[in-house]
Amino acid sequence: MEPTILCTELYLRLGDDELLVIDCRSPTEWERHALHIPGALRMSPTEVARDHRVLPDDELIVLCGCASDGADLRRVCRLLRMHGRDAVCLDGGLQAWIRGGYPTERHVRPRAAAQH
């Protein structure tokens with residue numbers, strides 16, 4: 001089992017320079033649920049796996065998403081840890097964060113290009 005972080009602990013660490021929250025929802029899930037954890041970077045599990053070398057190696061990387069089983073997140077967490085990154089999964093994912101009443105931000109949906 002991959003290591004996890006509780007919502008309470010993450011909340012206390014938000015804004016910490018040594019913390020990076022990655023929202024691993026697919027583009028479809030990102031559009032469906034317009035809320036995210038403040039400061040979270042959106043990268044799908046595929047993007048994290050492909051681009052893991054650009055992620056900081058001196059920060060705690062917290063992965064969150066909304067898949068019910070969290071299998072994608074656990075695979076990404078294992079991959080990051082195999083490459084020496086300090087990575088954990090958010091216990092309960094984004095749903096637990098929202099249910100717990102923790103702060104969220106509404107992300108802006110891209111607008112269609114303006115017609116001339």
| field | Check: Pro103 main-chain N/O paired with Trp97 side-chain donor or acceptor under 3.5 Å | value | yes
Grouping ILVMFWY residues whenever side-chain heavy atoms fall under 4.5 Å, the cluster of Val54 otherwise contains none
### Query
Can you find a heavy atom in the side chain of Ile22 that is under 4.5 Å from one in the side chain of Ile61?
yes
What I'd like to find out is whether the side chain of Ile37 reaches to under 4.5 Å of the side chain of Thr104, using heavy atoms alone.
no
Salt bridge (charged side-chain N to carboxylate O under 4.0 Å, His left out) pairs touching residues 35-48, sequence neighbours excluded, are Arg42-Glu47
With sequence neighbours left out, the residues meeting side-chain contact (heavy atoms from CB on, under 4.5 Å) with Ser26 are Thr28, Glu29
Could you pull out all donor-acceptor pairs under 3.5 Å where a side-chain atom in residues 8-19 meets a protein atom, sequence neighbours excluded?
from  : atom 1 : to     : atom 2 : distance (Å)
Thr8  : OG1    : Tyr102 : OH     : 3.0
Asp16 : OD1    : Glu18  : N      : 2.9

side-chain contact (heavy atoms from CB on, under 4.5 Å) filter on Leu73, not counting sequence neighbours, yields Cys24, Leu63, Cys89
Report yes if the side chains of Leu41 and Asp23 come closer than 4.5 Å at any heavy-atom pair, otherwise no. no
Ala49 meets the side-chain contact (heavy atoms from CB on, under 4.5 Å) criterion, sequence neighbours left out, with Leu79
*Does a side-chain heavy-atom distance below 4.5 Å link Val62 with Leu20?*
no
Thr4 side chain near Leu90 side chain, heavy-atom distance below 4.5 Å
no
Residues pairing under side-chain hydrogen bond (donor to acceptor under 3.5 Å, both in side chains) where one sits in residues 73-96, two or more places apart or in two chains, turn out to be Glu2-Arg78, Asp72-Arg75
Side chains of Leu35 and Leu94 in contact at under 4.5 Å (non-hydrogen atoms): no
Apart from Leu6 itself, members of its ILVMFWY cluster (side-chain separation under 4.5 Å) are none
Smallest heavy-atom separation, Pro3 atom then Ala87 atom, equals CG-O, 3.7 Å
Side chain to side chain donor-acceptor pair (under 3.5 Å) filter on His36, not counting sequence neighbours, yields Glu105, His107
Exercise. Are Val76 and Trp30 connected in the hydrophobic side-chain network, where two residues link if heavy atoms are under 4.5 Å apart?
Worked result: no
- [ ] Answer yes or no: is there a donor N or O on one side and an acceptor on the other, between the side chain of Arg25 and the main chain of Met43, under 3.5 Å?
- [x] no
